[in-house]
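See structure below.
No hydrogens, no waters, no symmetry mates; every other heavy atom, side chains included, goes into these values. Here the structure is a predicted model, which means the values were calculated and not measured.
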Amino acid sequence: MGLCMKEIWSKIEWHLKNHAPRVIETLNPPASNEEISKLETTVGKILPASVKEYLLIHNGQNDPSRLETLCEEGTLLSVGEIINTWEMLNKINCDLDISNSEWWHQKYLPLTDVEGDNLAVDLDSGEVVMHVHDSEIEHNIAPSFQHWFENKLAIFEEGKFSVDEGYLDYWDYDS
């Protein structure tokens, strides 16, 4: 598609306003530059540009019900939740002495949460992966965070979703 994150979000928000307004209400305002700097300091790496751009548009979701999520991969995490989840997963990985397995690695940055599973970005390669709490990392979700969001936009533009009692429901899903 070749759109920047701001353009992608503008189009996604249009679809949400017109089809699932309760979802758009859960999106947080932008993260501050200070919050993003704290995140980069915590993980010890510079965030991919598309992740920074996204966080400067929406700092995750505030959806206590977990019913108004934008994506099947879970609720979008705020910077504070990203930090807390990243630290927790690294502690579990260290405490269980499974650091050599593909269960988790500190190079992954969790961006969503659904029942302990997390969509994450590999901070070394930019690849989007899925951390599944009871199995190994699932690779090949998307080559980049930008690409993943372009796929979300395509789902809306192609009409591969429905709204059931106000909730988004994706069909014929292909990440």
### Message
Determine whether a donor-acceptor pair (N or O, by modelled atom type, separation under 3.5 Å) exists between the side chain of Glu87 and the backbone of Asn84.
### Response
no
### Task
Would you give the length of the straight line joining atom OG1 of Thr42 to atom CD of Gln106, rounded to the nearest 0.5 angstrom?
12.0 Å
### Query
What is the distance from atom CE of Met88 to atom CD of Glu81, rounded to the nearest 0.5 Å?
11.5 Å
### Query
Under a 4.5 Å cut-off applied to non-hydrogen side-chain atoms, are Lys152 and Leu70 in contact?
no
### Query
Are side-chain N/O atoms of Asn93 and Trp103 paired as donor and acceptor at under 3.5 Å?
no
### Query
Just wondering, do Leu16 and Leu27 contact through their side chains at under 4.5 Å, heavy atoms?
yes
### Validation row: Val132, Glu136 side chains within 4.5 angstrom (heavy atoms)
no
### Query
For the atom pair CD (Glu7) and CD (Glu150), what is the distance rounded to the nearest 0.5 Å?
10.0 Å
### Inter-residue atom distance Glu35.CD - Ile82.CD1, 0.5 Å rounding
10.0 Å
### Query
Closest heavy-atom contact between Val114 and Gly74?
CB-CA, 3.6 Å
### Message
When you compare the side chain of Leu55 with that of Pro30, does any pair of heavy atoms fall below 4.5 Å?
### Response
no
### Sidechain-backbone polar pair: Thr69 side chain, Arg66 backbone, donor-acceptor under 3.5 Å
no
### Message
Using modelled atom types and a 3.5 Å cut-off, is there a donor and acceptor pairing between side-chain atoms of His147 and backbone atoms of Ala142?
### Response
no
### Query
Has the side chain of Gln61 got a donor or acceptor atom that lies under 3.5 Å from a matching backbone atom of Leu76?
yes
### Flag, side chain of His58 to backbone of Gly60, donor-acceptor distance under 3.5 Å
no
### Task
Can you tell me which residue pairs pass the salt bridge (charged side-chain N to carboxylate O under 4.0 Å, His left out) test with a partner in residues 42-59, sequence neighbours excluded?
Glu40-Lys52, Lys45-Asp124
### Query
Within a strict 4.5 Å, meaning less than it, do heavy atoms of the Met130 and Asp117 side chains meet?
yes
### Summary
By ring pair (Phe, Tyr, Trp, His ring centres under 6.0 Å), Phe149 pairs with (sequence neighbours left out) Trp9, Tyr54, Phe145
### Query
Can any side-chain N or O of Thr26 pair as donor or acceptor with the backbone N or O of Asn62 at less than 3.5 Å?
no
### Min side-chain heavy-atom separation Glu127-Asn140 under 4.5 Å
yes
### Within 6.0 Å of NZ in Lys107, more than 12 heavy atoms from elsewhere
yes
### Message
Between Glu158 (side chain only) and Ile155 (backbone N and O only), is there a donor and an acceptor less than 3.5 Å apart?
### Response
no
### Task
Would you give the length of the straight line joining atom OG of Ser65 to atom CZ of Arg22, rounded to the nearest 0.5 angstrom?
8.0 Å
### Message
According to salt bridge (Lys or Arg N to Asp or Glu O under 4.0 Å), who are the partners of Lys11, at least two apart in sequence or on a separate chain?
### Response
none
### Query
Just by modelled atom types, is the Tyr108 backbone N or O under 3.5 Å from a matching donor or acceptor in the Trp86 side chain?
yes
## Note on the structure
side chain to side chain contact (heavy atoms under 4.5 Å, CB included) with Leu109: of Asn118, Leu47, Ile83, Leu77, only one passes, and it is Leu47
### Task
Please tell me if the side chains of Val128 and Leu119 come closer than 4.5 Å, counting only heavy atoms from C-beta onward.
yes
### Message
Given 3.5 Å as the limit, does a donor-acceptor pair link the side chain of Asn28 with the main chain of Asn59, or not?
### Response
yes
### Query
Is any side-chain heavy atom of Trp148 less than 4.5 Å from a side-chain heavy atom of Val121?
no
### Query
If you look at every heavy atom in Leu56 and Ala31, which pair is closest and at what distance?
CD2-O, 3.5 Å
### Message
When you group the ILVMFWY residues by side-chain heavy-atom contacts below 4.5 Å and let the links chain together, are Leu3 and Ile12 in the same group?
### Response
yes
### Query
Taking Asn33 for the side chain and Ser37 for the main chain, is one N or O donor matched with an acceptor at less than 3.5 Å?
no
### Message
Is the ring pair His15/His19 parallel, tilted or perpendicular, if the boundaries are 30 and 60 degrees?
### Response
parallel
## Note on the structure
Closest non-hydrogen atoms of Ile8 and Gln146, given as atom of the first, atom of the second and distance, are CD1-NE2, 3.6 Å
### Task
First locate atom CD of Glu34, then atom OG of Ser32, and finally report the distance between them rounded to the nearest 0.5 Å.
4.5 Å
